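This structure is a prediction, so every number in the text was calculated from the model and none was measured.
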Amino acid sequence: RPGAEMPAQPAGSPAPPIFQLAANVVGCMQILVMAMLFLNDKALPEGMRENKMAAIFGVFLGANLVSSALTKTNAFEIYVGKKLIFSQLKLGRTPNRDDLIRGFASVGVTLNL
């Protein structure tokens, strides 16, 4: 019906289990390397031993970047009820104005853009 509100609700799209596992392994390695900097720094390269704060920052930043890249899905999907009207995973791009108009029209919703 015209003027009716349509609630929008975000939903997660998890990464495949193997990538989630790999991200968890990267996180564990991150903690291990940081602990080694303080407990047994002889096992690490000299550059890391000489500047521990920079090494911790580098390990923290690098491991988080890798972990984030492993769990990113690039999912952007629009549903009306249970009907999918746009999927970035299928098309490989974000929706444009015409995609939205066509998608919502397919379920009987008219957009005034």
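- Placement of V25 and V33 within a single hydrophobic cluster is found when ILVMFWY residues are connected by side-chain heavy-atom separations under 4.5 Å, directly or transitively.
- Between F86 and T94 the shortest heavy-atom distance is CZ-C, 3.7 Å.
- Cluster annotation: M48 is connected to F38 through the hydrophobic network of ILVMFWY side chains, with a link wherever side-chain heavy atoms come within less than 4.5 Å.
- Note on M29: it clusters hydrophobically with V59, by side-chain heavy-atom contacts below 4.5 Å among ILVMFWY residues.
- Closest approach of T71 to A23, counting heavy atoms only: CG2-CB, 3.6 Å.
- Annotation: salt bridge (charged side-chain N to carboxylate O under 4.0 Å, His left out) contacts of K52 (sequence neighbours excluded): D41.
- Under the 4.5 Å side-chain heavy-atom criterion for grouping Ile, Leu, Val, Met, Phe, Trp and Tyr, L44 is not connected to M53 through any hydrophobic cluster.
- N64 places a side-chain heavy atom less than 4.5 Å from the side chain of Q30.
- When each of N74, T73, I78 is tested with F76 by the rule side-chain contact (heavy atoms from CB on, under 4.5 Å), just one qualifies, namely I78.
- Using a 4.5 Å heavy-atom threshold, the side chains of K83 and S106 count as touching.
- The shortest heavy-atom contact between Q20 and P14 is NE2-CB, 3.5 Å.
- Both M36 and F60 belong to a single network of hydrophobic side chains, linked directly or stepwise wherever heavy atoms of I, L, V, M, F, W or Y lie under 4.5 Å apart.
- Between the side chains of E77 and S87, at least one donor-acceptor pair of N or O atoms lies under 3.5 Å.
- Using a 4.5 Å heavy-atom cutoff, the side chains of N51 and F57 are not in contact.
- The two residues Q88 and R93 make their nearest non-hydrogen contact at CG-O, 3.2 Å.
- The CD1 atom of I85 lies 10.0 Å from the CG atom of D99; values are rounded to the nearest 0.5 Å.
- Summarising the local packing, CG of L32 is surrounded by more than 12 heavy atoms from other residues, nucleotides or ligands at distances under 6.0 Å.
- The environment of F19 atom CZ is sparse: at most 12 non-hydrogen atoms of other residues, nucleotides or ligands sit within 6.0 angstrom.
- A distance of 11.0 Å separates CG in L70 from CG in L65, rounded to the nearest 0.5 Å.
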